[in-house]
Structure formats: C-alpha cells, structure tokens
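See structure below.
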4 protein chains.
Amino acid sequence: MAYYVDLNADCGESFGNYTLGQDEAVLSYITSANIACGFHASDPLVMEQTIARCKAAGVRPGAHPGFPDLVGFGRRQMKVSNDELKAMLIYQIGALSAFAAAQGMSLQHVKPHGAMYNMAGKDAGMARAICEGIASVDEELILLGLSGSEFEDAAKQAGIRFAREVFADRAYEEDGSLVARTKEGAMITDEEEAIRRVITMVKEHRVTAITGKEITVVPDSICLHGDSPKAVLFAKRIREAMEAESIITAPIERVIANRGV
Amino acid sequence: MAYYVDLNADCGESFGNYTLGQDEAVLSYITSANIACGFHASDPLVMEQTIARCKAAGVRPGAHPGFPDLVGFGRRQMKVSNDELKAMLIYQIGALSAFAAAQGMSLQHVKPHGAMYNMAGKDAGMARAICEGIASVDEELILLGLSGSEFEDAAKQAGIRFAREVFADRAYEEDGSLVARTKEGAMITDEEEAIRRVITMVKEHRVTAITGKEITVVPDSICLHGDSPKAVLFAKRIREAMEAESIITAPIERVIANRGV
Amino acid sequence: MAYYVDLNADCGESFGNYTLGQDEAVLSYITSANIACGFHASDPLVMEQTIARCKAAGVRPGAHPGFPDLVGFGRRQMKVSNDELKAMLIYQIGALSAFAAAQGMSLQHVKPHGAMYNMAGKDAGMARAICEGIASVDEELILLGLSGSEFEDAAKQAGIRFAREVFADRAYEEDGSLVARTKEGAMITDEEEAIRRVITMVKEHRVTAITGKEITVVPDSICLHGDSPKAVLFAKRIREAMEAESIITAPIERVIANRGV
Amino acid sequence: MAYYVDLNADCGESFGNYTLGQDEAVLSYITSANIACGFHASDPLVMEQTIARCKAAGVRPGAHPGFPDLVGFGRRQMKVSNDELKAMLIYQIGALSAFAAAQGMSLQHVKPHGAMYNMAGKDAGMARAICEGIASVDEELILLGLSGSEFEDAAKQAGIRFAREVFADRAYEEDGSLVARTKEGAMITDEEEAIRRVITMVKEHRVTAITGKEITVVPDSICLHGDSPKAVLFAKRIREAMEAESIITAPIERVIANRGV
C-alpha cells in the first residue's frame with residue numbers, strides 16, 4: 001500500500017508595494033498553493049506572478065478567497081449574508097481562474113482564508129454558501145478545509161470533492177477540532193513531535209488529542225506556513241521526512257484519486 | 001440586403017447600499033450589456049443580479065472593466081503600467097465570467113470603461129495591453145470600442161474581433177474621433193436629429209462631421225445611456241426607429257457575423 | 001418649566017458618483033446632523049459639502065464614524081480589537097473636524113454608525129474604546145448613543161458628556177432596549193402614535209414598553225431618518241408637533257445644558 | 001553665523017499586516033517625519049503608533065498626504081479636480097492631527113507624497129489647491145516641498161510658510177529642478193559626494209548642476225530615505241557629517257525661524 005499526502009501553503013499574499021511571504025522558497029516544497037484573490041491580500045499583478053511561479057514550480061494552484069478586508073488581512077470576523085458570501089466566492093474564484101487560464105493552467109481547489117475559514121468551519125449555512133459558490137463556477141474544483149468540520153458535509157451536498165486538511169503545528173480536541181490558540185498546549189512547538197504526528201496521521205490515520213485520547217484523522221493535505229525563513233525550513237524538513245517515510249507527496253487531486261489504494 | 005446593429009448600454013453600476021441606473025428598464029431595449037466588474041462600480045451581489053437580469057431579458061452580457069477607483073467612478077485618468085492594465089483586465093473579466101458561468105451564460109464582449117476607454121482609444125500601448133488581456137482569457141471575446149480608435153488595430157494584432165461603437169448623441173470630427181465635450185456643438189441634443197444620424201450611419205455608412213464634411217463610419221453598435229428616465233425613453237425611441245427602418249437590432253456577435261451580408 | 005429636545009439625522013452619506021439621502025430637505029427640520037466620515041460612506045468632497053450645508057442650515061454637525069466597510073455600508077458586524085476601534089474613532093473624528101475647522105465650525109458630538117452602534121451599545125469594552133477615542137481627541141465632544149445602553153456608563157468613565165437617544169419609530173423592551181427588528185411589533189408604523197410617544201417621552205419621561213408596562217426614559221435627542229421623501233415628511237411633522245407642544249427643539253449641547261431646568 | 005538644516009524622512013508606511021520601512025532606526029537620525037495618512041499607505045493603528053514613536057524620539061511629525069491609491073502606493077498619477085485635491089488634503093491632515101492631539105502633539109508640516117508631490121510641483125493649480133487645503137485647516141502648518149517648484153509661490157499666496165527641500169542623492173538641472181530619473185547621471189550614487197554636496201548647499205547655498213554650472217539653492221530640509229538598512233546607514237552618516245561640520249540639525253520650524261541669522 002502506498003501513502004499519499006498533499007502539502008499546501010498560502011501564497012501570493014503580497015500587495016502593491018508591500019511584499020509578504022517567502023513564496024519562491026516555499027513553492028519548492030509544497031504540492032498545492034492557496035493563492036490570495038485580492039480581497040484580503042494580493043492584487044492583479046501579484047496574482048499573475050503567483051500563477052507563473054506555481055507553473056514554474058510544478059505546484060497546483062488553488063483559490064484562497066477571503067473577506068473583503070485588506071487592512072485586517074481577512075482575519076477579522078465579518079457577519080455577511082450567505083448570499084453575499086456565495087457571491088464573494090464566485091467573484092474571487094473567477095478572477096484567479098482567468099489568470100490561470102491565461103497561462104494555460106486551471107485551478108485545482110479552493111481553500112477559504114482566515115476568519116472565513118474559521119467561521120464557516122463551524123457554521124453549516126456559511127459552509128453551504130461557500131460550497132454552492134464553488135460548485136456553481138466549476139464542479140471539478142475541490143474544497144480544501146478542516147478535517148471534520150462543517151465543510152465536509154456541505155461539500156457532499158453541493159456535489160464537490162472535499163480534501164481533509166490537518167495542521168502539523170496544532171493540537172486537537174477529542175472531537176477532531178483544533179484546540180483554541182488561547183488554550184495552553186494549543187501549538188505543537190517541538191518540530192520533531194510535529195513531524196512524528198504528521199507521519200502517524202498519514203500512515204495510521206490517528207493522532208493523540210490534547211486529552212491524551214487517540215482519535216481518528218484521515219488527512220489528505222497538511223497545511224504549512226510560508227511567511228518566515230523558519231517556516232520555510234520546516235516545510236523543507238517535513239517534505240524530507242515524507243520522502244524518508246516513503247509517503248508520496250502529491251497535489252490534492254492525486255491524493256484524493258489514490259485514497260484507499 | 002439586411003441591416004444589423006447592436007444597441008449597448010452600461011449596466012450593473014450599483015454598489016452596496018447605493019443604487020444607480022435604470023437597469024431593468026434599459027435592458028428591455030438593448031441587445032448587449034456592459035457590466036461593471038467591481039473596480040469603478042458594482043460588487044459581487046450586483047454582478048450576480050445583473051447577469052440574472054441579462055438572462056431574463058435575453059441580452060448578451062459583456063465585461064465593462066475600469067480603473068480601480070470607486071470614488072472617482074473610473075472617470076479619473078490614472079497612469080498605470082501596461083502590465084498592470086493587462087492584469088486588471090484579466091482580473092475583472094475573470095470575475096464577471098464566473099457569474100456568467102454560474103448561470104449558464106458566457107460573456108460576449110469587453111468594453112473598457114470611462115477614463116480607461118478614453119485613454120486607451122488614443123494610446124496604442126494601452127490598447128494593446130487591453131487586447132492582450134482579453135485574448136489571454138478567451139479569444140472568442142469581442143472588444144467593443146470607439147470606431148476608428150487605437151482599439152481597432154490593437155484587436156487585430158491580438159487576434160480578437162473588434163466591434164465599432166458609435167454614439168448617437170455625440171458630434172464627430174473629420175477624422176472620425178468624437179468632438180471633445182468642452183467644444184460647442186459636441187453634443188447632439190435634438191433627439192430627432194440623433195436618430196436620423198444613427199439611421200444614416202447604419203444604412204449608408206456615413207455621418208456629417210462637425211465641420212460639415214461627410215465622413216465614413218461603419219457602426220456595429222450604438223452606445224445608449226441608462227442612467228435616467230429620459231435616457232431610457234431615448235433608448236425606447238431609438239429601438240422603435242430601428243424597427244421602423246427595418247434595421248435588425250441584434251447582439252454584437254450576430255451583427256459582426258452578418259457584416260456585409 | 002421648559003422642555004428641550006434635539007432632533008438628529010444621518011447626513012452626508014453620498015459617495016463619489018452615488019447620491020443618497022435627502023440632506024437638504026432633512027437639514028431644514030433637524031438640529032444636529034450625524035455626518036459620515038468616509039469609512040462606511042462619504043468621501044472628502046461630500047464631507048466638505050455636508051459641513052457647508054449644516055452651516056447654511058444652522059444645524060450642529062457631529063461625526064458619524066463607522067466600520068471600514070463601504071460595500072456593506074457599515075451595517076455588517078466586524079470583530080475588531082478595541083485598540084483598532086479606538087484608532088478608527090480618532091481617525092474619522094479628526095478627518096471631519098478638519099472640514100468643520102476649515103469652515104469656521106466645530107463638531108458638537110459623535111454618534112457611532114450602524115453595526116458599530118449596535119455592537120458597542122451592548123459591549124462595555126467596545127463602548128469604552130469608543131469613548132476613549134472621542135475623549136482623546138476633544139473632551140468637549142458629546143457622545144450620542146442609545147438611552148440606557150453601555151454607552152452611558154462608558155462616557156461617564158471617559159469624562160465626556162452623554163446624550164440619550166430615543167427612536168420615534170421603534171418599540172422598547174421593559175429594560176429600555178430596542179425590540180429586535182425581527183420581532184413582531186418592533187416598528188411603530190402609525191405616525192400619529194409615534195409622535196404621541198415622543199411627546200410623552202419628552203414631557204413625562206416615560207414610554208409604554210412592548211409588554212404594556214410603562215418604563216422611564218429621559219430623551220435628549222430623537223433619531224429621525226432622512227433617506228426618503230416619506231422620512232423627510234415625518235421629520236417635518238415631528239418638528240411641527242414639537243412646536244405645537246411648546247417643546248423647544250435645540251442642538252444636543254443646548255438640550256444637555258438645560259436638563260432639569 | 002550658525003547653519004541650520006532639517007533632516008526629513010517618510011515614516012508610518014506600514015499597512016495592516018504589511019510592514020514597511022525601518023521607522024524606529026531612521027527616527028533616531030531625522031528631525032522631521034512625514035507620516036502617511038491612510039490614502040496611499042498606513043491605517044489608523046499605524047498612524048497612532050507612528051505619532052507615539054515620533055514623540056519618543058523627539059521628532060516633529062508632519063502629514064504626508066497622497067492620492068487614494070493603496071495598491072499603487074500613491075505613485076501613480078491620477079487626474080483629480082483641484083476641489084477634490086484640496087478636500088483630500090483637509091481629510092488626511094485632519095485625520096493625522098487627531099492622533100497628534102490625542103498624544104499631546106501638534107503637526108509641524110505637510111509634505112505631499114509621490115505622484116501628488118511630483119505633479120503639483122509643476123502644476124500651479126494643484127499647488128494652490130494643496131496650499132489652500134493646508135491653510136484652511138491650520139495656517140501654522142508649514143508646506144515642505146521641492147525647492148524652486150510651484151509650491152513656493154502657492155504657499156506664499158495661501159499665507160503659509162514654505163520649507164525648501166533638497167535631495168542628497170539627486171542631480172539638479174540648471175533651473176533647479178531635479179534631473180529626471182530616466183536620464184543618465186540623475187542619481188548621486190557616491191555617498192561621499194552626496195554628503196559633500198549637502199554641506200555645500202547648506203553652508204554656501206550652491207550646488208553644481210548636471211551641466212557643470214553652479215546654481216543657487218538654499219535648503220531648509222534634506223530628504224532622506226528610510227526603507228532599507230542601507231538607507232538608514234546613510235541617514236546616520238549624513239547626521240554625523242552635519243555635526244562634524246557644525247551644522248545644527250533641527251526641525252523645519254526652527255530652521256525657518258533661524259533663516260539668515
């Protein structure tokens with residue numbers, strides 16, 4: 001039996017005169033990129049360049065839509081109607097798709113950003129609006145979202161594929177949700193432990209929750225960070241660890257196609 | 001021999017809590033709609049609704065991209081690089097395309113808005129950037145621009161179709177350019193005269209310039225306004241005059257396909 | 001004994017090419033204007049013009065700061081930090097103050113807008129941040145907020161004056177809060193009844209809650225709307241009713257100075 | 001006879017999640033800071049923090065208003081009306097003034113940013129609109145602008161003081177204007193030469209133009225950059241060179257007060 005997993009990271013978060021992230025470095029370790037679409041970060045030129053970098057690196061691009069909140073970087077909760085939310089998704093996916101098309105690529109997936117990701121993961125109505133937005137543009141797009149969240153059921157209902165995302169550096173509650181950052185022990189700061197946990201998740205479909213209990217988790221994709229030299233170094237290490245463990249790192253689409261093979 | 005002409009107007013220029021235009025009324029008289037894409041006007045919900053209204057009215061939708069200047073409504077000149085301009089086009093066309101796709105439609109054309117339209121009509125580099133942006137997203141999209149402007153040659157070079165736009169309410173210089181609004185006689189205020197001029201342009205391919213000389217003009221589309229009850233009334237009258245003269249009003253695509261038939 | 005009350009309405013909510021409200025009409029009936037500051041509505045030119053209109057009409061201007069959400073008109077809840085909130089207040093008050101100063105006027109009051117008003121009225125931390133922002137710019141500024149809300153105590157702690165606002169067209173709960181719009185009976189649709197309620201509040205300091213119980217309310221200012229011809233007509237009627245009842249309509253500052261006289 | 005000169009640099013250009021510049025380092029070498037006001041860069045929290053840093057460093061704060069173009073960082077030419085321009089100035093100066101007032105400071109000066117600075121320096125109408133905006137808010141504010149530009153006369157007409165700015169790293173034409181960046185020799189890349197030129201300008205009121213001819217220049221302030229470690233190092237060197245030459249570095253206001261002493 002072969003093990004597959006995708007490594008994803010946020011890319012293309014620069015904006016005008018402002019540069020953010022270590023895109024070129026991180027793109028050499030990941031297999032799927034979540035690309036900002038101009039609402040919480042990015043602009044048309046940055047989107048064009050980020051698609052070009054994905055193409056050069058052989059990384060599959062996906063849309064990373066967020067709330068329309070540049071100054072808050074999409075991290076502030078906004079109470080929008082589900083109709084607005086669906087329309088925001090369509091708009092942002094469409095904009096990024098055009099850059100992909102212009103360079104002979106197509107989008108693989110959609111991963112909501114920041115507060116939108118966190119809110120919709122726990123709100124069935126928001127999750128459904130997001131999935132309907134995605135499906136209405138292109139039913140081949142895969143939703144990448146938190147494993148065990150509201151996204152999973154919403155994707156099924158909307159008829160689109162769902163990829164389960166896990167976090168190497170975050171602790172889990174017994175119900176599979178992430179331990180809130182405000183709680184002690186929420187972050188896995190020991191890199192060796194983080195890598196061991198990822199390997200166990202991928203190969204054995206389990207992880208030790210913060211309570212000590214083992215829970216089941218079947219990851220399709222691991223979320224990495226790319227916003228600092230240290231984060232890039234961790235991406236490199238996790239990529240190497242996957243290879244050492246004979247885990248095949250591949251884009252989401254291929255991981256899903258090989259589930260249970 | 002049959003005569004064809006398209007009637008186009010700007011639609012979908014509302015924004016959030018702000019309503020602008022008489023979209024539903026004007027959509028019953030036009031054959032192609034130029035839909036704002038969120039940079040100079042509109043927002044995701046308005047774009048979704050405007051596509052729906054086009055569908056209901058049987059009007060072909062097109063993108064109406066503008067400069068990123070909401071407060072100036074895209075009417076203020078901005079000096080952007082041609083790379084930025086091209087990327088702005090791709091972004092806005094992509095965003096609107098997704099709303100069209102979500103409702104089972106596709107975009108027919110692209111007409112730059114406001115200051116972008118005016119600047120690029122006289123600037124070969126800008127016109128080329130716009131056409132390259134359009135062609136890179138979809139070579140089937142038609143550029144709708146001022147007859148006799150820099151757009152015409154740029155479209156040919158980019159391999160996309162060009163539709164020649166004329167204005168019923170504007171006077172022309174001998175070289176086929178519009179008389180500047182600041183000049184006396186720039187506006188054709190007599191509606192009967194405006195309609196007669198349009199009919200002559202469509203049937204006889206000529207119009208009397210402000211100097212008195214007759215010049216050649218071969219219109220594919222007539223630009224109408226939809227921002228006031230009076231403008232809507234004029235749209236109705238021109239539509240009726242076309243019928244009375246056995247001129248077939250049809251979307252740009254069909255007008256172009258029937259050129260010279 | 002003389003009765004005083006202020007009549008306030010939101011003004012200056014136009015934006016660029018978009019016109020909103022019936023400012024000139026409503027300004028002839030009110031005594032204090034809440035002027036948008038460019039975050040949820042308005043732009044520099046509109047702010048300048050609105051100050052000029054207040055000056056011409058003899059109406060005292062106040063700042064109407066909102067969340068940075070033009071497309072949502074400041075009506076969507078945003079979860080911002082209290083530090084951000086305080087800084088937003090300082091920014092917006094400062095911007096409007098400069099237009100007032102440029103025309104030889106000064107701001108009388110500050111009334112938070114939309115979602116900011118509703119959220120902070122129930123959130124002591126937000127109310128405090130708002131009051132600290134106001135006080136740090138100018139301790140003479142009066143906070144205009146919902147009677148009986150968190151604003152009242154926060155203003156006291158920050159050392160600024162508080163003006164109690166009531167709504168002619170809204171029903172009240174027994175605790176003095178507004179009945180949620182989603183509840184039946186939330187809106188007072190009968191204009192005669194609305195006017196009678198206002199008179200009773202001003203003269204007798206009481207109003208009948210939705211439960212039928214009489215509660216105490218001591219209004220300094222009545223909130224009017226100015227966004228439709230019908231709203232303007234109601235403003236005219238309430239102004240006339242005040243005069244008929246010998247209630248003196250005066251700007252907030254004067255109402256407060258005459259409390260209990 | 002004593003020599004005085006001000007050292008100014010742009011500060012507070014970060015935005016939300018994006019950090020730009022080396023503010024804390026550069027603030028230890030300059031005497032006046034030009035602080036972005038939210039149109040081309042910055043946000044309310046950044047403005048608050050930058051005023052605090054100026055206060056801590058003993059640096060006089062000034063407003064650095066720009067065009068409303070975040071993605072273009074205010075560097076793209078925009079054709080706005082003079083009324084709009086004046087209103088933009090009032091808005092931005094007012095917003096920053098409030099942060100200064102909240103921390104017990106007042107603004108010393110205003111220096112237009114980027115494309116606004118460059119356009120207005122050659123356009124008497126724009127320069128006048130800017131000066132009228134400044135004067136209408138506070139006649140004590142000093143305009144900091146290019147020596148020999150349209151700003152000089154416009155400030156006089158508006159009744160505000162003007163501080164002449166020179167650039168250590170730029171070559172001059174015979175008429176005192178800057179050599180366009182596109183021309184060879186436009187930049188003074190040798191730091192020793194740049195410092196020598198500054199000293200000659202301050203002490204002897206002359207500089208060698210790119211043609212070889214000596215021209216007269218009477219500088220009040222030298223523009224420094226703060227956007228890179230190298231720029232900060234140059235600021236340190238120029239500050240030290242001033243001290244070695246017994247040139248007193250002082251805020252604009254004091255430099256002007258000591259002119260010709």
Side-chain angles (χ1 to χ4, degrees), chain A residues 12 15-17 35-39 42-52 61 63 65-68 70 80-107 110 129-141 158, chain B residues 12 15-17 35-39 42-52 61 63 65-68 70 80-107 110 129-141 158:
Chain A
F15 170 72
N17 196 41
I35 302 175
C37 302
F39 273 40
S42 196
D43 64 53
L45 273 181
V46 169
M47 288 163 73
E48 183 169 69
Q49 182 185 47
T50 308
I51 289 285
F67 283 133
L70 267 176
V80 303
S81 75
N82 290 338
D83 284 346
E84 285 173 302
L85 184 57
K86 182 182 168 187
M88 278 179 206
L89 264 284
I90 295 174
Y91 187 99
Q92 294 181 69
I93 296 169
L96 186 65
S97 290
F99 288 105
Q103 300 186 42
M105 299 188 87
S106 64
L107 300 186
V110 177
I130 287 170
C131 291
E132 286 172 1
I134 296 169
S136 72
V137 181
D138 180 358
E139 293 190 344
E140 292 304 311
L141 287 165
Chain B
F15 170 72
N17 196 41
I35 303 175
C37 302
F39 273 41
S42 195
D43 64 54
L45 272 181
V46 168
M47 288 163 73
E48 185 168 67
Q49 181 186 47
T50 307
I51 289 286
F67 284 133
L70 266 177
V80 303
S81 75
N82 290 336
D83 284 347
E84 285 173 303
L85 184 57
K86 182 183 167 186
M88 279 178 205
L89 264 285
I90 295 174
Y91 186 99
Q92 296 181 67
I93 296 169
L96 185 66
S97 289
F99 288 106
Q103 300 186 42
M105 299 186 88
S106 65
L107 301 186
V110 177
I130 287 171
C131 291
E132 287 173 0
I134 296 169
S136 72
V137 180
D138 180 357
E139 294 189 344
E140 293 304 311
L141 287 166

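Every chain is numbered from 1 and lettered A, B, ... according to where its sequence line falls, protein lines coming before strand lines.
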**Request:** Determine yes or no for a side-chain-to-main-chain donor-acceptor pair under 3.5 angstrom, with B:Tyr91 supplying the side chain and A:Cys37 the backbone.
**Result:** yes
**Request:** Count the heavy-atom pairs under 4.5 Å between each of A:Ala102, A:Ser136, A:Ala95 and chain B, then report the option with the highest count.
**Result:** A:Ala95
**Fill in**
The salt bridge (Lys or Arg N to Asp or Glu O under 4.0 Å) partners of A:Glu84 (sequence neighbours excluded) come to C:Arg76
**Message:** Taking 4.5 Å as the heavy-atom cut-off, does anything in residues 44-52 of chain B contact chain A, and if so which residues?
**Reply:** B:Pro44, B:Leu45, B:Met47, B:Glu48
**Asked** Who pairs with B:Glu139 by salt bridge (Lys or Arg N to Asp or Glu O under 4.0 Å), at least two apart in sequence or on another chain?
**Response** none
**Message:** Can you list everything that forms a side-chain contact (heavy atoms from CB on, under 4.5 Å) with A:Ala98? Sequence neighbours excluded, please.
**Reply:** B:Ile90, B:Val137
